[in-house]
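Values below: every heavy atom of this structure, side chains too, minus hydrogens, waters and symmetry copies. Being a predicted model, the structure only gives us computed values, none of them experimental. All residue numbers refer to positions in the sequence shown, counting from 1.
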Amino acid sequence: MGRAGKVSVPVLACAALAGVAFGVVGGAHASAKAAASQRMNVIVILSDDERVAGNSVMKNVQLLGKHGVTFSDYHVTTSECGPSRASILSGEYSHHTGVLANFGPNSYPMFDDTSDLAVWLHKAGYTTGLVGKYLNDYTLDGHHVVPPGWDDWQAIDSIPEEKYYNYTINEGGGRLVHYGSKPSDYSTTVLTQKALSFIRGAKSPFFLYFAPVAPHLPATPAPGDAGSLTNLPPLASPAVNEKNIGDKPWAAWHSRTLNTKAGSYTEQVRTHQLESLLALDRSVGKIVATLRQRHQLDHTVILYTSDNGFLWGEHRLGGKLWPYEESTHVPLIVRTPWQEGNGTVNEAPVLNIDLASTISALAHVQPGKLQDGDSFVPFLHGRAEPWRKAFVIEYLGPDELKQGGPPPYVAVHTRRYLYVEYRRGWRELYDLRTDRWELRNVAGKPAYAKTQATLHALLHRLYAAPMHKGAAAT
């Protein structure tokens with residue numbers, strides 16, 4: 001079960017959350033390697049800290065949507081890099097992966113890398129490659145071993161990993177190559193070259209996990225992109241530098257509105273993050289062009305998404321971890337070979353825990369462990385499908401209040417409501433139908449007492465729901 005094995009994870013002090021099982025079951029692989037040549041190639045392009053607004057400057061990413069499906073209600077279940085990436089690769093909530101934070105004992109060492117997406121596809125005959133950022137804390141592992149299932153391993157091996165210059169790449173487990181400060185060393189450029197090399201040489205079917213660090217801070221734009229987006233229109237959200245946060249249970253930790261200096265810094269972060277995405281957008285165009293040159297574009301599904309969102313001063317907050325929309329709502333665009341210029345928008349609440357089941361289904365592989373997520377392949381073909389109406393959002397890592405982040409919490413998100421239960425006993429409830437910006441916390445209000453009780457029961461029922469066996473597509 002990985003290097004450290006799975007252990008009980010401390011969750012909220014609530015009887016309804018106690019005793020949640022960490023069920024993991026080995027599954028049989030759906031078909032022999034001989035059948036693998038008929039399967040789709042799959043490429044996952046995973047940005048780092050890109051909120052849903054990032055796509056506004058990415059023309060090539062938008063083109064992916066014209067040949068596929070844009071998911072308008074896609075969320076991550078934990079808004080933090082390491083836990084989210086573990087969920088993407090496993091199909092499990094973080095309270096099942098055990099990866100609760102980026103660093104420390106409940107980070108990468110808890111991840112069961114013996115049974116994840118790479119392992120399942122590799123065993124089924126796929127050529128697998130990782131280029132870029134893996135899981136946080138992998139770089140602290142010390143031995144630079146390539147995890148099981150990866151044929152080509154080009155992982156960032158620097159501390160911190162989110163560097164645009166002066167970083168190291170672990171090339172295959174036995175060779176650490178340092179890149180410096182020349183313009184040609186810009187990490188998005190270098191990683192793109194490695195991704196293109198994999199595509200050109202990989203035996204089909206192949207699976208590429210391409211994970212550059214843009215737009216993560218310091219959000220350094222590529223040479224030539226700095227200053228290209230200096231005239232951005234201001235954010236329209238009334239949640240930016242929210243005037244009255246007295247109804248927020250954490251208000252005492254953010255009692256002052258952002259001053260001019262803080263507001264200017266936040267706007268600078270926004271600008272630089274978007275500028276750093278321009279190079280990644282060009283990378284997307286190069287990936288599509290290389291697939292076309294290799295005559296593989298008609299045999300490849302491309303998924304573009306991010307590991308979590310990022311707050312740009314909404315509710316006086318920056319960064320991630322929080323349960324609010326800017327933190328959990330991220331892009332998901334899926335380009336398919338069977339849609340030519342007639343892209344569609346799907347409004348189903350799809351999650352990062354669905355990616356492992358979906359990619360497995362595209363590969364006609366049964367996931368090798370029980371799943372929290374489900375395959376949304378039917379949506380890629382325009383078919384209706386019974387689907388969830390509510391989902392769990394959670395952060396179970398360290399209390400981050402003194403660092404500007406939240407204490408641990410679990411939350412339930414429905415079409416109409418966001419309801420949050422913090423370990424400190426705090427509660428938040430937002431009626432998204434009348435308060436889309438999450439400005440008015442109505443938790444504890446008599447008019448919402450019945451609704452809050454219903455959401456409390458729904459939250460704990462979903463949290464304790466049994467995992468299920470993912471089915472391979474036929």
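You'll find the side chain of T336 reaches within 4.5 Å of the side chain of V334, heavy atoms only. No side-chain heavy atom of V42 sits under 4.5 Å from any side-chain heavy atom of F206.
Not counting sequence neighbours, the partners of Y165 by the ring-ring contact (aromatic ring centres under 6.0 Å, His included) test are Y186. For H254, the ring-ring contact (aromatic ring centres under 6.0 Å, His included) test picks out W250, with sequence neighbours left out. For F210, there are no ring-ring contact (aromatic ring centres under 6.0 Å, His included) partners, not counting sequence neighbours. With sequence neighbours excluded, the residues that form a side-chain hydrogen bond (donor to acceptor under 3.5 Å, both in side chains) with E267 are R270.
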Could you list the donor-acceptor pairs under 3.5 angstrom formed by side chains in residues 217-225, with sequence neighbours left out?
unit_1 : atom_1 : unit_2 : atom_2 : d
D225   : OD1    : R282   : NH1    : 3.3
D225   : OD2    : R282   : NH1    : 3.3
D225   : OD2    : R282   : NH2    : 2.8

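Side-chain contact, D49 with N308: a donor N or O sits under 3.5 Å from an acceptor N or O.
Applying the ring pair (Phe, Tyr, Trp, His ring centres under 6.0 Å) definition to pairs two or more places apart or across chains, those involving residues 45-83 are F71-F376, H75-H329, H75-F391, H75-H413.
Annotation: W150 is not in aromatic contact with H122 [ring centroid separation under 6.0 Å not met]. The aromatic ring centroids of F379 and W387 lie less than 6.0 Å from each other. Taking the six-membered ring for Trp and the full ring otherwise, the centers of Y134 and Y108 sit less than 6.0 Å from each other.
No side-chain donor-acceptor contact under 3.5 Å links R335 to the backbone of Y304.
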